[in-house]
Amino acid sequence: DDQTKLKPQVYLDRYLVIGSVAAKSIAVYDLEAEKPLAILKDVPQSDLMSEVILTADAAHVIQLNSDGQFFIHEISGGRLALSGRVVDDEIIIYTPEGYYWASYEGAHFVQLRFPGLPGLYPFQQFASVLDRPDIISARLKLGAAAPPPPALVPPPTVDIDRRGIVVDPERIELNVNIRSGEPLAHLRFYADGLRIDDETLEGLKASRQISLPRPANARWLSAQAADVNGLVSKPEAIRLSASANKTNVLRAVVVGISAYGNLKLRLNFARSDAERLGAALGANAGHYYARSEVTSLLDGAATKDAVLSALKRAVVEASATDTLVFSFAGHGVQGPDRRYYLTPVDFDLHRIVDTGLAWTDVASVLQASKARVIVILDSCHAGLTGAQELGTNDDAVAALLSGAHAPMLVLAATKGRQLSYEGGRWGGGVFTSALIKAIQSERSSYDLDRNGAIEASELYYALKSIVVGETAGMQTPWLVRQDLLGDFALF
């Protein structure tokens, strides 16, 4: 019965918009002029249509489907302007030709298929050609002409001969075959996410006998090829056994502030979350790391200068085989200069730029690190009533990943403007509780491959399943990576 019902809505006190599943159509009627403006027939996947929405300028109608897909129809011309999809709070919007604009992870959730070739290829593999926000914006102009179709060929493929792999304590020997529809440019190898080798390639195919120094402590070796247009292959990975003699160090700077001087800023669980996480990180030695060194800055100790000094010291001390963790539990705000700021304990709400810790400053310190960097964000515990706009994790990630690149993984408690839930049932924040379960208290349940390490994929699975389950889908953790390839051990 629900599928045969009309879905009527009145917008701007003037326009009646009706979606009909049974008729596979959408109608827009001008109540003031008493005439139909458009009847859009045979709308895509009409059996899944759940809602129709008029845009604020009354130029387009948006068809929302129950599976997360959406379609933007131009009213005057009746054409399908754009399509899109929302998955796990990630969004991608694309033209019929395949040009797209997406959030950080959105381009991984829509795939292309090439006739005659097996498998699906996510849009992300074609970012150098298809990531075109300018074309997306242009498509929303009334009567806009279709853009020229992109010159797309299948991306390269990498095949590692599994029978020819030789791994000893000193070196890794393997044979690799690469193919591409366009001339090849390079073949790169990554150990636990970090690039360790770059081979120059030419032509449409290549076969290489590769000899690499055995990466100390690494559990995964991944290979990826790229062509001259920047299209990349899917990562091809092999598992490495644990090193008998671990040398890598987990170096963490953990900040938690509950007792702000300004009563408006005070939090209930930020300090305790930082204490619990610091203890879990400190106990992580013996699994993937040889030892852990944790610097905790709590409440009064977490001044702006102290946080920056601790980060700079950790960056200097961390070697290329180490992992540097920076965790912050407190507030994040957006300043009058539109930059994103952390709120240290000496933060003044009326002097955000002077007393806040800009994420761009944090990023400039972390980007000097030789080690992998993991940033853990739980900085949206509560709104600041009457204050500047509350910063979001999206703002923080954008600030961290702008400018110079450094191998970095960002774990955020929430996506977008979701709330970070906390309470006595979790002993603090649900995100921190989930993180501690994954890397310490329930570690064996989330070490799915039983190799003794928690990989990035295993950690995200744990965080998402716990947090989404505990909050009935109201909070979704977020993982964003930069210059870290494939799966890799984290804890």
Checklist outcome for this item: Heavy atoms of Val232 and Pro155 approach each other most closely as O-CB, 3.3 Å
Next on the checklist: So that I can tick it off, tell me whether Arg276 and Asp273 are bridged by a salt bridge, with the cut-off set at under 4.0 angstrom between side-chain N and carboxylate O.
Outcome noted: yes
Next on the checklist: Side chains of Thr157 and Arg179: any donor to acceptor distance under 3.5 Å?
Outcome noted: no
Checklist outcome for this item: Closest non-hydrogen atoms of Gln440 and Ala280, given as atom of the first, atom of the second and distance, are OE1-CB, 3.5 Å
Item to check | Asp378 side chain near Ile376 side chain, heavy-atom distance below 4.5 Å | outcome: no
Item to check | Within-4.5 Å side-chain heavy-atom neighbours: Ser258 and Arg266 | outcome: no
Next on the checklist: If I take atom CD1 from residue Ile62 and atom CG from residue Asn65, how far apart are they, to the nearest 0.5 angstrom?
Outcome noted: 12.5 Å
Checklist entry - Does a side-chain N-to-carboxylate-O contact under 4.0 Å join Glu199 and Arg188? => result no
Item to check | Ser465 side chain vs Tyr461 backbone, donor-acceptor pair below 3.5 Å | outcome: yes
Checklist outcome for this item: Residues Phe126 and Leu231: closest non-hydrogen pair is CA-CD2, 3.5 Å
Item to check | Main-chain N/O of Val158 paired to Gln224 side chain as donor or acceptor, under 3.5 Å | outcome: no
Item to check | Residue pair Ile210 / Phe189, side-chain heavy-atom distance below 4.5 Å | outcome: yes
Item to check | Backbone N/O of Leu184 and side chain of Ser180: donor-acceptor pair under 3.5 Å | outcome: no
Checklist outcome for this item: Correct closest heavy-atom pair for Phe328 and Thr343 would be CZ-O, 3.8 Å
Checklist entry - To the nearest 0.5 Å, how far apart are NE2 in His287 and OG in Ser292? => result 9.0 Å
Next on the checklist: Between Val325 and Val294, does the side chain to side chain contact (heavy atoms under 4.5 Å, CB included) criterion hold? Intermediate values first, please.
Outcome noted: CA-CA 9 Å; Val325 174; Val294 179; over 6 Å; no
Item to check | Glu458 (side chain) donor-acceptor with Glu455 (main chain) under 3.5 angstrom | outcome: yes
Next on the checklist: Do Leu409 and Val373 have side chains that approach each other closer than 4.5 Å (heavy atoms only, starting at C-beta)?
Outcome noted: no
Checklist entry - Distance from Leu112 atom CG to Leu130 atom CG, nearest 0.5 Å? => result 6.5 Å
Next on the checklist: For the backbone of Leu64 and the side chain of Ser50, can you confirm whether one donor and one acceptor N or O come within less than 3.5 Å of each other?
Outcome noted: yes
Checklist entry - Are Arg251 and Glu293 ion-paired here, with the side-chain N under 4.0 Å from a carboxylate O? => result yes
Checklist entry - For the residue pair Tyr94 and Phe123, does the interplanar ring angle fall in the parallel (under 30°), tilted (30 to 60°) or perpendicular (over 60°) class? => result perpendicular
Checklist entry - Would a distance-only check, ignoring hydrogens and angles, find a side-chain to backbone donor-acceptor pair under 3.5 Å from Asp299 to Ala259? => result yes
Checklist entry - Can you find a side-chain donor-acceptor pair between Gln475 and Thr414 that sits under 3.5 Å? => result no
Checklist entry - Do Leu281 and Val254 come close enough that some side-chain heavy atom pair is under 4.5 Å? => result yes
Item to check | Derivation of the ring-ring contact (aromatic ring centres under 6.0 Å, His included) call for Tyr260 and His331 | outcome: CA-CA 10 Å; Tyr260 287 97; His331 287 296; 5.6 Å; yes
Next on the checklist: Looking only at side-chain N and O atoms, does Asn177 offer a donor or acceptor that is under 3.5 Å from a partner on Ser207?
Outcome noted: yes
Checklist entry - Rounded to the nearest 0.5 Å, what separation is found between the CD1 atom of Ile92 and the CG atom of Leu82? => result 11.5 Å
Checklist entry - Side chain of Ser457, backbone of Asp487: donor and acceptor closer than 3.5 Å? => result no
Item to check | Arg85 side chain to Ala107 backbone, donor-acceptor under 3.5 Å | outcome: no
Item to check | Derivation and outcome, side chain to side chain contact (heavy atoms under 4.5 Å, CB included), residues Phe347 and Leu265 | outcome: CA-CA 10 Å; Phe347 175 75; Leu265 300 180; 3.7 Å; yes
Item to check | Contact check, side chains of Arg271 and Ile257, non-hydrogen atoms, under 4.5 Å | outcome: no
Checklist entry - Is the shortest heavy-atom distance from the side chain of Val307 to the side chain of Thr303 under 4.5 Å? => result no
Checklist entry - Can you check whether Leu277 reaches Leu435 side chain to side chain, under 4.5 Å on heavy atoms? => result yes
Next on the checklist: Out of the candidates Asn451, Asp192, Ile439, only one should pair with Tyr288 under the side chain to side chain contact (heavy atoms under 4.5 Å, CB included) rule; please name it.
Outcome noted: Asp192
Checklist entry - More than 12 foreign heavy atoms under 6.0 Å from CZ of Arg162: is that the case here? => result yes
Next on the checklist: Between the side chains of Arg425 and Glu470, is the shortest nitrogen-to-carboxylate-oxygen separation below 4.0 Å, so that they form an ion pair?
Outcome noted: yes
Next on the checklist: Is it the case that the side chains of Arg339 and Tyr341 hold a donor-acceptor pair, with the cut-off being a distance below 3.5 Å and no angle test?
Outcome noted: yes
Checklist entry - Are Thr355 and Asp346 linked by a side-chain donor-acceptor pair shorter than 3.5 Å? => result no
Item to check | Residue among Val110, Val86, Ile136 satisfying side chain to side chain contact (heavy atoms under 4.5 Å, CB included) with Ile93 | outcome: Ile136
Next on the checklist: So, taking the atom named CD in Gln63 and the one named CD1 in Ile53, what distance separates them when rounded to the nearest 0.5 Å?
Outcome noted: 11.0 Å
Next on the checklist: For Ile196 and Leu221: C-alpha separation, side-chain torsions, deciding distance, then whether side chain to side chain contact (heavy atoms under 4.5 Å, CB included) applies.
Outcome noted: CA-CA 10 Å; Ile196 60 170; Leu221 180 73; 3.8 Å; yes
Next on the checklist: Using a 3.5 Å distance criterion without hydrogens, assess whether the side chain of Ser272 forms a donor-acceptor pair with backbone atoms of Phe269.
Outcome noted: yes
Item to check | Test side chain to side chain donor-acceptor pair (under 3.5 Å) applied to Tyr289 and Asn248, Asp322, Thr323, Asn284, the passing residue | outcome: Thr323
Next on the checklist: Looking at every non-hydrogen atom in both residues, tell me the closest pair between Leu187 and Ala223 and how far apart they are.
Outcome noted: CD1-CB, 4.3 Å
Checklist entry - Distance-only, no hydrogens or angles: does the Arg450 side chain make a donor-acceptor pair with backbone N or O of Asp447 under 3.5 Å? => result yes
Checklist entry - Looking at CG of Leu377 and CZ of Phe431, how far apart are the two atoms once the value is rounded to the nearest 0.5 Å? => result 8.0 Å
Item to check | Greater than 12 external heavy atoms within 6.0 Å of Trp101's CH2 | outcome: no
Next on the checklist: Let's go through Leu174 and Val176 carefully: what are the C-alpha distance in whole Å and the side-chain angles of both, what is the deciding distance for side chain to side chain contact (heavy atoms under 4.5 Å, CB included) to 0.1 Å, and is it a yes or a no?
Outcome noted: CA-CA 7 Å; Leu174 65 164; Val176 183; 4.1 Å; yes
Checklist entry - Do Glu90 and Ser103 have side-chain N/O donor and acceptor atoms under 3.5 Å apart? => result yes
Item to check | Residue pair Ala302 / Leu297: nearest heavy atoms and the distance that separates them | outcome: CB-O, 3.8 Å
Checklist entry - In terms of side-chain heavy atoms, does Gln69 have a donor or acceptor partner in Gln45 at a distance below 3.5 Å? => result yes
Item to check | Pi-cation contact, Tyr121 with Lys234 (under 6.0 Å, within 45°) | outcome: yes
